[in-house]
There are 2 protein chains.
Amino acid sequence: MKNHKRTTIYDIAKKLNLNASSVSRALNNDSNISEVTKKLILDTARELNYKQNSLASNLRRGHNRTIGVIVPHINQNFFANVIAGIEEVTYKKGYSLIICQSNESYEREVDCVNTLINQHVNCIVISVSADFKEDTHLKSIVEHGIKLIQFDRVADNLDTYKVVNNNEQASMEAVSHMIKEGYKRIALLEGPQNLNIFRQRKSGYLAALKKHGIAVIPELIIENAWTKELGAAATRKLLSLTQPPDAIFASTSDFSALGVLEIATKMNIPVPETLGICGYSNEAFTEITSPAITTIDQHSITMGQTIANLYFDEAGSGTESLGNKVINIQPELIIRKSTSKCNV
Amino acid sequence: MKNHKRTTIYDIAKKLNLNASSVSRALNNDSNISEVTKKLILDTARELNYKQNSLASNLRRGHNRTIGVIVPHINQNFFANVIAGIEEVTYKKGYSLIICQSNESYEREVDCVNTLINQHVNCIVISVSADFKEDTHLKSIVEHGIKLIQFDRVADNLDTYKVVNNNEQASMEAVSHMIKEGYKRIALLEGPQNLNIFRQRKSGYLAALKKHGIAVIPELIIENAWTKELGAAATRKLLSLTQPPDAIFASTSDFSALGVLEIATKMNIPVPETLGICGYSNEAFTEITSPAITTIDQHSITMGQTIANLYFDEAGSGTESLGNKVINIQPELIIRKSTSKCNV
DNA sequence: CTGTTAGCGCTTTCAA
DNA sequence: TTGAAAGCGCTAACAG
């Protein structure tokens, strides 16, 4: 491997008694070259099994045709789908993707950013970690002339391109729906409040209650219940209250909602009759639990496509790196059995 | 963005009246430099917000510290987990990952391979597409001095590093388990036979029948039933036979098994009493269907870690690119309600 | 320990 | 239409 010698444009040039620049022109479809020599070069390139060295070409050109993506975990449905959406668009444009995961760690997130800056990617797409502390690393991206697009979990006070869900509205719709179904004491499982998305979802919950003249009961709001286990624990706690809730909005994730459902099933509490459940994210499994879980679809693939298109549209116009354009992807309330009290 | 000027080692050198090579040495922790100047350089680098240009450094060094991964779909549990496993190991070593998806298309797979060769990645990790036709592109990887590790879906007749599941044994165990539970007419939903994994799973099924002296009934073997919809259609067909099966082994995927379960539920056929169901992959949802689905865990994260470790171990020893070492990850039969006829 | 020099493979002026 | 030459930013061999 170490001593492997690959065919370069010089090899092709030498073989044809031409200059490397001509070879380069032929390979890059430049107009300043005759059809005859071009064909000759292309044929020889194939014959010699030539592959371009992107490292050299990008170094010379000063950019990379590569987009870096940083997500907390790639093996989570939502993020995997966003990436799939991005990839779909970038592939067509001949761009590659470098994907990094922060593992919800701020320190690793910073590392990832630095790696991508070093790699001279054209653009960094990021959804920040739950451990998010400050935004100097994000500013650094812009300072190095790299486009920055935040999505989903974004640093609010930083002016960049952002592609987000309207979390507040979606939560409000979900809670309103539950109220209309007749639920009166709706509990909230909330996520880490240092992340904007979880703050917004809480706002939506509060707004819905207010709109329908329902008082906020603090003991029905449980912090940091965003895994299945934490959701289950929260549910145990809530159901042991003297006045337990008649519905639980697991605003953090469907996994959390699944924890709720499991405890309810174990305790023989009928869902949706005695307890309504609503999750967040429309994970595949929500459709097939019994009862199926009401949830919110974030249109993750569309989100990915939008991100990629945003890059290409703005790149074309050659605008400044630090744009400030927020695109809202409308999430969608998926109503299923777990909150359908009326139709029982 | 275009005219953005980043700090280079020359900027640092000039500012300190030093030579670029000294700066390089300091930055790379070379021993041939005094602690004093090293500190000076490091401080100035920070002050000027210097980031290395990996393009240049890699071009010079001749390699990339990057591993390319090609999978059919990144938003499938199994692949996402393998990638997560790879990433976990490579991150610690300071390597980046370039991830591409072939979308089950042979043509795109070839494109991905070419991109990665151009990028001079150190290693390409691939699980071939269902559309797999020939292996010239894989050979080309090796010819260009790039390590090649195949996993899961591998081109059998090509000698490379391979990390695979023992699909045959796992299938055999699964089917044997069903036989022991008392199922006598076990149907097989099989996947595209141009992929080795599906051939192996079929072999395992056949071997189990043979071992237990059960005749193979061709009409119980259904081709290409590897999505939920195809699984459902196959089930309809199977259950309308004059002698329908009493169990279905969806060897292709849990999604297919889910299709089976849905039809059985719709037709009021008791699972596991009248119909046993076994899937493949241990997708998250198999645990929470009712009944929960028996399936096979592929230990995907371990698989990813193994792949990465294989690269680093073999790279260290400086062996030839075209090694031929097959590592078997033992899959695990997860027995659940859907095949537990005895305990009902 | 530090400086000088060359060159990785490519693109891109400028000349011819 | 082609060639010559310079240089992207870095590392590494060689001198001093």
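Heavy-atom basis, side chains included; hydrogens, waters and symmetry copies ignored. Predicted model only: the values in this text are computed from it and were never measured. Chain A is the first sequence line, chain B the second, and so forth, proteins listed ahead of strands; every chain is numbered from 1.
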Reckon [X] touches a base, only the sugar-phosphate, or nothing at all at heavy-atom distances under 4.0 Å?
| X | value |
| --- | --- |
| D11(B) | nothing |
| N118(A) | nothing |
| S54(A) | nothing |
| S34(B) | sugar-phosphate |
| I33(A) | sugar-phosphate |
| L55(B) | nothing |

Query raised in the report: So is K162(B) actually on top of F151(B)'s ring, under 6.0 Å and inside 45° of the axis?
Result: no
Report task. Return yes if a side-chain donor-acceptor contact under 3.5 Å exists between N194(B) and K133(B), otherwise no. Result -> no
Query raised in the report: Going by distance alone, is a donor N or O of one side chain under 3.5 Å from an acceptor N or O of the other, for E104(A) and S129(A)?
Result: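 Distance-only check fails for E104(A) and S129(A).
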Would you say [X] reaches [N]'s phosphate, i.e. side-chain N/O to OP1/OP2 under 4.0 Å?
| X | N | result |
| --- | --- | --- |
| Y50(B) | dC10(D) | yes |
| N28(A) | dT11(C) | yes |
| N32(B) | dT2(C) | no |
| N19(A) | dA4(D) | yes |
| S21(B) | dT11(D) | no |
| S22(A) | dG3(D) | yes |
| T37(B) | dC1(C) | no |

[X] side-chain proximity, nearest of [options]:
| X | options | result |
| --- | --- | --- |
| R61(B) | dT2(D), dT11(D), dC8(C) | dT11(D) |
| Y10(A) | dC10(C), dG9(C), dT11(C) | dC10(C) |
| R60(A) | dG9(D), dG3(D), dC10(C) | dC10(C) |
| Q52(B) | dG9(C), dA5(D), dC10(D) | dC10(D) |

Query raised in the report: Ignoring hydrogens and angles, does a donor from either the side chain of R25(A) or the base of dG3(D) sit under 3.5 Å from an acceptor on the other?
Result: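 Per atom types, the contact qualifies.
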**Report entry** Ring centers of Y161(A), Y311(A) separated by less than 6.0 Å
**Finding:**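 Y161(A) vs Y311(A): aromatic centres not under 6.0 Å.
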Report task. Quick one: sort the Y106(B) and H137(B) rings into parallel, tilted or perpendicular, breaks at 30° and 60°. Result ->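 Correct class here is perpendicular.
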